[in-house]
Amino acid sequence: MPVTNETILQWLQRSAQVLHENNAYLTELDSAIGDADHGSNMDRGFNAVITKIADMQEADIGTLLKTVGTTLVSTVGGASGPLYGTAFLRAGMATTGKKALETADIVAMFEAAVEGVKARGKAQAGEKTMLDALIPAIEAGKQAQLEQVDIPELLKRMAASAASGMQSTIGLTATKGRASYLGERSVGHQDPGATSSWLIVQALADTVAS
Amino acid sequence: MPVTNETILQWLQRSAQVLHENNAYLTELDSAIGDADHGSNMDRGFNAVITKIADMQEADIGTLLKTVGTTLVSTVGGASGPLYGTAFLRAGMATTGKKALETADIVAMFEAAVEGVKARGKAQAGEKTMLDALIPAIEAGKQAQLEQVDIPELLKRMAASAASGMQSTIGLTATKGRASYLGERSVGHQDPGATSSWLIVQALADTVAS
Amino acid sequence: MAVGIVIVSHSARLAEGVAELAGQMSMGEVTIAVAGGTDDGSIGTSIDKVTAALQKAANPEGTLVLLDLGSAVMVAEMALEMLDPQERERVLISTAPLVEGAVLAAVEASAGSTLQEVAEAANNGHEMPKGKHR
Amino acid sequence: MAVGIVIVSHSARLAEGVAELAGQMSMGEVTIAVAGGTDDGSIGTSIDKVTAALQKAANPEGTLVLLDLGSAVMVAEMALEMLDPQERERVLISTAPLVEGAVLAAVEASAGSTLQEVAEAANNGHEMPKGKHR
Ligand SMILES: Nc1ncnc2c1ncn2[C@@H]1O[C@H](COP(=O)(O)OP(=O)(O)O)[C@@H](O)[C@H]1O
Ligand SMILES: Nc1ncnc2c1ncn2[C@@H]1O[C@H](COP(=O)(O)OP(=O)(O)O)[C@@H](O)[C@H]1O
Ligand SMILES: [Mg+2]
Ligand SMILES: [Mg+2]
Ligand SMILES: [Mg+2]
Ligand SMILES: [Mg+2]
């Protein structure tokens, strides 16, 4: 069973809801190593997204995701705006014209998104950013693709890897973004962006599972 | 005929008037190599001074000059505030308790003032500042003292040296204050602070002459 | 025409304050456009404000963009990517300190210097003397 | 208590903007007092505002003063000279870039560091990455 444009819409709505519910949590994480706004940034951004996509039931997945990207860039207001904006724009480019995604499309979509984040943030794995959730997720996705598991299982594995990647950020020293201003003192705190990334990947797994 | 506290009061009033009349001129000079506020800075400062000293007919010269200093520091708002403020404070310290100044007192008063400007601004001759008017003035004053000329003549020579020192700033490159941001481009413009310094010294010469 | 200057800051007041300070030194001869805060007025950056500021400051001599914090680089780069290529070539993002760089850039731009010269002047903001007297 | 921070700027808006940006990173744990503009609200500096800000930020750990332009050093030094000697010893005037230095100083101060450490952190503002990526 492929992921349809309808599934993607549901995913985006679920993401908005989950990010709204976790607004205070994400902000708390950001208050330890940043400026205490990641929750409100993401909530504001995805709130704008669901308004924007409310009438897009007929749109293909590429159009949908590109709309998400431009909306996030315009509304998030933090470093995560250009980062998630670029991620969704690249995901949209990788799925242009499609109304349904097979396993390979999903992996390609995530890979494009992660490459976009890397390029935008000039960052790589281990710098205590959202990439530390996203890179393990895409690696798990590729491995699952090799193992030819079904899409719900693939997404479940991606979400699990995002979660453990997110947890691994606790031990890392930030070398990008505001948290890098803390230097060694950033160790011991979970990265807010890695956490929102996990929430978003988890939301897709949950949407497809249900 | 010594310079009395009454003469000093008249000097300060004349300075205020002259600086008021030259507000636009000083600002024009500052617009070429600064931020176009030296005229309004000095006008505002000396306006506050004359209000402050209005009832000080009985005060000794030291008290009078220290009052001028603190008033200028509080009201000028530009680099010239701490500079002229320090100059008048030091002049006041050099004349503490005096109600009349002889030649030596006048020279000592100006010397203290100029040393104050040097210390406050960490500047010396040739940096295209008010010191390029003040240092020649005090040197002329010392020379006149050696030649034992009378006070009006001494002050006349000081004012003339301040004027030529002021003119010499046209050829100088600024290495202190805002004008230094222009580097070599500051050459060809007369320093506003050197100009106000000349006006103030000239005002004393004119007060004593008349 | 003089090189234009764009001030990108997470705070609207900060951006306006920098423009006011730098503008004092350039006597209105330099367009200093600001992009401060988010669209809804909170602390953060706005790509729409950056784009509008780039438009306002755009001119044949080029534009120098100064930023408060590293995270503003990404939004500035996205705004640049949206320009057409000829326009984009005329814009430089400065690594200079915001306030000091903006003042020196404004002075340099008002003298009719090139974009490259204005960018170098901004970088001298690192050496602006503040009490360590030469 | 955390080291206090004083922002001295020729522009009131600039000073407040810097305090708002730096305050975001220190979560109210650090007193960031501002002295911006002249007493009558025009562009310039005010010794009375600097003195009041020094009082507001004063605390046993010390205070770091950050300035926008070199000409603010003189007014800051005069304000310091008016403090009594023990208080004066607890105040340092920073040569760091204003915005970048204030943000890093606020982060460092909120970690409970010493005045010397906060001053060093502010100086790292010169190396704050802005697009020149490490
Ligand atoms: N250069 C970068 N590359 C990848 N991710 C980054 C980068 N800079 C910041 N981030 C991510 O952005 C998150 C912070 O987002 P947010 O709080 O919304 O922005 P800001 O730091 O501007 O307030 C961090 O937790 C981190 O995951
Ligand atoms: N370090 C210094 N030492 C001596 N004089 C200085 C110094 N810095 C500036 N000045 C003088 O101050 C004048 C500028 O005064 P003003 O315009 O009132 O202040 P600002 O530059 O702050 O606007 C200059 O023309 C110069 O003569
Ligand atoms: Mg944040
Ligand atoms: Mg933020
Ligand atoms: Mg001036
Ligand atoms: Mg001024």
Side-chain angles (χ1 to χ4, degrees), chain B residues 23-44 76-83 86 115-131 172-193, chain C residues 1-5 7 14-32 34 61 64 66 94-134:
Chain B
N23 182 327
Y25 173 53
L26 292 172
T27 288
E28 194 196 309
L29 292 175
D30 197 27
S31 87
I33 55 171
D35 56 350
D37 63 3
H38 189 58
S40 51
N41 285 347
M42 295 304 291
D43 195 11
R44 177 173 49 216
V76 167
S80 50
L83 291 163
T86 304
E115 289 308 313
V117 173
K118 282 186 191 167
R120 179 62 61 209
K122 273 104 175 168
Q124 51 193 45
E127 300 206 72
K128 197 181 184 98
T129 71
M130 55 179 69
L131 285 170
L172 297 174
T173 305
T175 50
K176 282 288 178 320
R178 281 173 194 272
S180 68
Y181 304 162
L182 278 78
E184 295 296 329
R185 278 192 291 264
S186 61
V187 174
H189 302 280
Q190 185 173 309
D191 181 60
Chain C
M1 257 192 102
V3 166
I5 296 175
I7 307 294
L14 206 169
E16 283 156 20
V18 174
E20 132 178 288
L21 196 65
Q24 248 203 333
M25 297 294 290
S26 55
M27 307 291 145
E29 283 161 38
V30 179
T31 303
I32 304 176
V34 298
E61 300 306 320
L64 188 70
L66 291 123
S94 171
T95 59
L98 179 61
V99 175
E100 299 79 1
V103 168
L104 296 180
V107 170
E108 189 75 29
S110 68
S113 303
T114 65
L115 177 56
Q116 203 57 50
E117 288 164 338
V118 173
E120 278 162 29
N123 275 121
N124 290 336
H126 286 297
E127 277 85 50
M128 182 180 276
K130 291 185 182 176
K132 290 267 171 62
H133 304 277
R134 295 179 291 194

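Just so it is clear, the model here is predicted, and its values are computed rather than measured. Throughout, protein chains are lettered first and strands after them, A, B, ... in sequence-line order, and every chain is numbered starting at 1.
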Taking all non-hydrogen atoms of both residues, which atom of B:Gly34 and which atom of C:Met27 are closest, and how far apart? O-CE, 3.3 Å

Ignoring hydrogens, what is the shortest heavy-atom contact between C:Val107 and B:Tyr181? Give both atom names and the distance. CG1-O, 3.8 Å

Could you grab the distance from atom OG of B:Ser31 to atom CE of C:Met25, nearest 0.5 Å is fine? 10.5 Å

Non-hydrogen contacts under 4.5 angstrom with chain C: give the residues of residues 183-192 of chain B involved, or none if there are none. B:Arg185

Report the distance from atom CG of B:Asp30 to atom CD of C:Gln24, rounding to the nearest 0.5 Å. 8.5 Å

